[in-house]
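Indexing begins at 1, ligand by ligand and atom by atom, following the structure's order. Values below: every heavy atom of this structure, side chains too, minus hydrogens, waters and symmetry copies.
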Amino acid sequence: MDLLFTEDYLRRIPGPDWPRIIVVADGSCGESCSVLGISSDYIVESCNAYGANATIERLDQRQVPTPEIKAHSLYFDLSAYGMDAVREPRNSAVKPGFHLKIYGTFRNRYMALACPASDSKMVRFLRHTANSAIMKNIFHQSFNAYKTDIEPRLNDLTLHHMQCSRRLFEIMLSHRRVNAAYIEGDNVAVTIEGEAARVLNFDTGCGVNLGLRGLEALGTFIYKTATALDQNDVFEALSAKIQHSKQVAETFRQTGLASTMFE
Ligand SMILES: Cc1cc2nc3c(=O)[nH]c(=O)nc-3n(C[C@H](O)[C@H](O)[C@H](O)COP(=O)(O)OP(=O)(O)OC[C@H]3O[C@@H](n4cnc5c(N)ncnc54)[C@H](O)[C@@H]3O)c2cc1C
């Protein structure tokens, strides 16, 4: 059944004595939280990495899911753009080079390119360049170098099927300051999940996994709320849920990109 969550729908829910629970998972553009009066205040934090994304749509290719392809320690020859190809001294604290991931289907190819934050010459150049042809060329060459053998190469004639970030950007995680709340008059507990709770400005290809991390605390939250003897018990359940969500965001910031991109 298709159900649109609106203020009107909320009014029509009958109000029993025990707390009801609304799980909001309406994605990064959803507005259900504002209908429920929950603040849209986000904490935005750096993941200490830079990245760029690309998509290739080729309607003549089959919509068949493909195993993800990962490549590490990539360097790009940007001498044609006036950046000399001399490698910088390898700093042991910063893993050198870029990490690439290709995923999706043969028809809709997605690419993610990322590197740990550094102040290297190459990174600075790609972050601040105003020439979008450079990123396009990097994704073009990387795709042809790492694609599966059975899919066609991109060439000058098919390159327009690719869209990509104009430059390297800082990867940021935005997470909602309040992701669980209690509406006292209505005796409703609300929890916010998925991209409505936390979202990256970079597509790792693993967005669903990040959403699932939040759900790990949902069972306990429902149990604690359903068995609450008074409001204090409900507040404890809310507080544990908010705490868990903070932890999910912090863990992602510390190790998320390493596990989805760098390893
Ligand atoms: C191009 C692209 C490729 C991706 N590829 C992958 C991948 O390969 N693997 C991966 O893990 N992740 C991938 N992701 C990320 C993944 O799609 C998201 O992380 C995931 O869909 C987020 O799930 P969500 O349930 O939070 O939100 P959404 O999937 O956005 O779902 C929100 C739902 O709520 C509904 N809704 C909104 N408002 C209301 C309302 N008022 N009432 C009722 N319903 C409402 C919307 O219609 C929608 O169905 C990709 C993302 C993009 C953009």
Side-chain angles (χ1 to χ4, degrees), residues 1-13 20-38 40 42 47 51-59 61-70 99-114 139 143 146-148 151 161-165 169 171-176 178-181 183 188 190-218 221 241 244-245 248-249 251-253 255-261 263:
M1 186 181 68
D2 248 355
L3 174 73
L4 192 64
F5 186 81
T6 58
E7 227 163 311
D8 185 44
Y9 174 76
L10 191 62
R11 270 197 301 272
R12 282 189 281 119
I13 307 175
R20 286 162 297 147
I21 296 171
I22 295 176
V23 179
V24 175
D26 59 355
S28 57
C29 302
E31 287 178 358
S32 305
C33 291
S34 60
V35 170
L36 291 161
I38 294 168
S40 57
Y42 281 83
C47 295
N53 287 116
T55 62
I56 304 168
E57 186 177 48
R58 293 190 289 188
L59 297 176
Q61 297 296 305
R62 290 172 307 147
Q63 196 62 275
V64 177
T66 59
E68 74 180 25
I69 298 166
K70 276 185 174 180
H99 304 263
L100 175 78
K101 192 158 141 181
I102 305 178
Y103 50 100
T105 64
F106 286 132
R107 179 170 298 181
N108 293 104
R109 269 335 217 158
Y110 300 113
M111 282 191 278
L113 186 72
F139 277 114
F143 178 75
Y146 294 101
K147 70 177 188 59
T148 61
E151 62 192 317
H161 294 302
M162 188 173 83
Q163 303 284 320
C164 69
S165 314
F169 55 84
I171 301 177
M172 311 286 274
L173 178 67
S174 308
H175 53 105
R176 213 175 261 274
V178 174
N179 54 70
I183 306 172
V188 169
V190 178
T191 170
I192 301 153
E193 304 294 346
E195 287 194 346
R198 64 193 76 80
V199 65
L200 272 186
N201 63 348
F202 172 76
D203 184 10
T204 59
C206 298
V208 170
N209 295 16
L210 183 57
L212 290 175
R213 287 276 120 82
L215 294 184
E216 286 165 5
L218 192 57
F221 176 70
K241 188 76 177 80
H244 177 263
S245 198
V248 170
T251 305
F252 184 86
R253 284 206 326 114
T255 59
L257 286 173
S259 60
T260 57
M261 288 297 305
E263 287 165 5

Check: Lys101 side chain, Tyr110 main-chain N or O, donor-acceptor pair, under 3.5 Å: no

Structural part of Ala25 in contact with ligand 1, heavy atom criterion under 4.0 angstrom: backbone

Which heavy atom of the protein is the closest neighbour of atom 44 (N) of ligand 1, given with residue, atom name and distance? Leu3 O, 4.1 Å

Identity and separation of the nearest protein heavy atom to atom 30 (O) of ligand 1: Gly27 CA, 3.6 Å

Does the protein place any heavy atom closer than 4.0 Å to atom 26 (O) of ligand 1? yes

Can a side-chain donor-acceptor contact be found between Ser34 and Glu31 if the only test is distance below 3.5 angstrom? no

Below a 4.0 angstrom heavy-atom separation, can you tell me which part of Leu210, side chain or backbone, both or neither, approaches ligand 1? neither

Which of these, Gly211, Ala112, Gly214, Gly205, has its nearest heavy atom closest to atom 9 (N) of ligand 1? Gly205

Measuring from Phe202:CZ to Leu113:CG, what's the distance to the nearest 0.5 Å? 7.5 Å

How far does CD1 of Ile21 sit from CZ of Phe221, to the nearest 0.5 angstrom? 5.5 Å

So the atoms of ligand 1 within less than 4.0 Å of a heavy atom of Gly194 turn out to be 26 (O)

Consider only side-chain N and O atoms of Thr55 and Gln163, and report whether a donor and an acceptor are under 3.5 Å apart. no

For atom 48 (C) of ligand 1, is some protein heavy-atom partner under 4.0 Å away? no

Looking at atom 23 (O) of ligand 1, is any protein heavy atom nearer than 4.0 Å to it? no

Can you confirm whether more than 12 heavy atoms, excluding those of Arg62, are under 6.0 Å from its CZ atom? no

Quick check for you: to the nearest 0.5 Å, what is the distance between Arg58 atom CZ and Met162 atom CE? 10.5 Å

Less than 4.0 Å from atom 7 (C) of ligand 1, is there any heavy atom belonging to the protein? yes

In the protein, what heavy atom is nearest to atom 2 (C) of ligand 1, and what distance, to one decimal place, separates them? Asp203 OD2, 3.9 Å

How far is atom 16 (C) of ligand 1 from its nearest protein heavy atom, and which residue and atom is that? Val208 CG2, 4.1 Å

Please list, in number order, the atoms of ligand 1 under 4.0 Å from a heavy atom of Tyr110. 1 (C), 3 (C)

Within this structure, what is the OG1-CG distance for the pair Thr260 and Leu200, rounded to the nearest 0.5 Å? 8.0 Å

What closest approach, in Å, do Cys164 and Phe139 show between heavy atoms, and which atom pair accounts for it? CB-CD1, 3.7 Å

Counting only nitrogen or oxygen atoms and a 3.5 angstrom limit, does Glu195 reach ligand 1? yes

Would one find more than 12 heavy atoms of other residues, nucleotides or ligands at under 6.0 Å from atom CZ of Arg213? no

Do Lys241 side-chain atoms and Ala181 backbone N/O form a donor-acceptor pair below 3.5 Å? no

What atoms of ligand 1 come within less than 4.0 Å of a heavy atom belonging to Gly207? 10 (C), 11 (O), 12 (N), 19 (O)

Taking only heavy atoms of Ser32, which atoms of ligand 1 are found under 4.0 Å from at least one of them? 41 (N)

Among all protein heavy atoms, pick out the one at the shortest distance from atom 40 (C) of ligand 1; state its residue, atom name and that distance to 0.1 Å. Phe5 N, 3.6 Å

For atom 35 (C) of ligand 1, which candidate among Asn108, Asp26, Thr55 provides the closest heavy atom? Asp26

Please indicate whether Glu68 has more than 12 foreign heavy atoms, meaning atoms of other residues, nucleotides or ligands, lying under 6.0 Å from its CD. yes

For atom 42 (N) of ligand 1, is there a protein heavy atom at a distance under 4.0 Å? yes

